[in-house]
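Everything on this sheet refers to the single structure shown next.
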Amino acid sequence: MPAAASSKRVKNTRISRPFIIGSQAWNLNPSNNTEPVPEGHTKGWRVYVKGLDNGPDISTWLKKVQFKLHHTYTDASRTVEGPPFEVKETGYGEFEIELRLYFDSSSGEKAQYRFHRLRLEPYGDEEMQRKQNEKNEVLAETCEIVEFNEPSQDFFAKMTSEDQFAHLRKKGAGGKGGGKGRGGKARIEYEGDKEPTAGLPDKSTEATPWSKEMERKVLEQLADAQRELDVALEQERQKARERQKKMAEVSG
Ligand code: SLL
């Protein structure tokens, strides 16, 4: 029997999505805690999985996140079945959080693991630490990529649909802006004229440093490091050749 259209794969196609895994932590102020805080807990924090600012709704592909906290927490394994994918807690110590990401069933993908180091104390250079202290906020975020290789036709349709950008649309415009795009088709208008993108945005902003610009810089730095390494390697090779030549002269 031929495979159902829905489970057929779109050949030679890979869909990738950048997303953010992060944590935010702050000092608890015992005098204005609204909820009782367990003995010894000095910090409030949350850990989350979210999309990029101009990015598509991650719940298109992400259905469930399991956060594995330090074993000192009761119910250390926390499962969140829909957005916002986050866990809020209080505590006293930093630790590594294990995340398990579960994908939309039409993707046919197995769950994937990721790790996030929860940071509670200010880090980085003096200036960074000063800002963190001033704001009473320690942020630690990393940009991750998930890739779906030869997705099913169903999943491909979801991942290429405009619906996943609905949250960026201008409010009150009824979903469709009055503007006309090329060919006279109604053009959808986005909040603050944000350019929705499923990839990395072109430029970095303070809120979202991850961009093609940053990617380019990192690649350039890697290329520079590679060139330095190549030069050093060539010098070593040259020395080895000279040593061999000398040895041949001595023994010959
Ligand atoms: C350390 N790796 O050795 C850390 C331990 C402990 C985290 C981190 C409170 C848990 C609770 C908490 O912050 N646990 O009491 O519910 O320093």
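Both ligands and their constituent atoms are indexed starting at 1 by order of listing. Note that the structure is predicted; figures quoted are calculated from it, not measured.
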TODO: Check the side chains of D154 and S152 for a donor-acceptor pair under 3.5 angstrom, ignoring hydrogens and angles.
DONE: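 There is no such pair (donor and acceptor under 3.5 Å, judged by atom type) between the side chains of S152 and D154.
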- [ ] Check the angle between the aromatic planes of W45 and F95 and answer parallel, tilted or perpendicular using the 30° and 60° thresholds.
- [x]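 Correct class here is perpendicular.
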Open item on the list: I'd like to know whether NZ of K212 has more than 12 heavy-atom contacts from other residues, nucleotides or ligands below 6.0 angstrom.
Closed with: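 Counting neighbours around NZ of K212, more than 12 heavy atoms of other residues, nucleotides or ligands fall under 6.0 Å, so yes.
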TODO: Report yes if the distance between the aromatic ring centroids of F148 and F103 is under 6.0 Å, otherwise no.
DONE: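 Centroid separation for F148 and F103: below 6.0 Å.
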Task: NZ/NE/NH1/NH2 to OD/OE distance under 4.0 Å, D224 and R227 - done: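 Counted as a salt bridge, because a side-chain N and a carboxylate O are separated by less than 4.0 Å.
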Open item on the list: Starting from L120, can I reach Y123 by hopping between I/L/V/M/F/W/Y residues whose side chains sit under 4.5 Å apart?
Closed with: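 Unlinked, Y123 and L120 end up in two clusters.
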For ligand 1, which of its N or O atoms have a protein N or O partner closer than 3.5 Å, and how long is each gap?
residue, atom, partner, partner atom, Å
ligand 1, 2 (N), E94, O, 3.1
ligand 1, 13 (O), Y73, OH, 3.3
ligand 1, 13 (O), Y92, N, 2.8
ligand 1, 13 (O), G93, N, 3.3
ligand 1, 14 (N), T72, OG1, 2.9
ligand 1, 15 (O), H41, NE2, 2.9
ligand 1, 16 (O), T72, O, 3.4

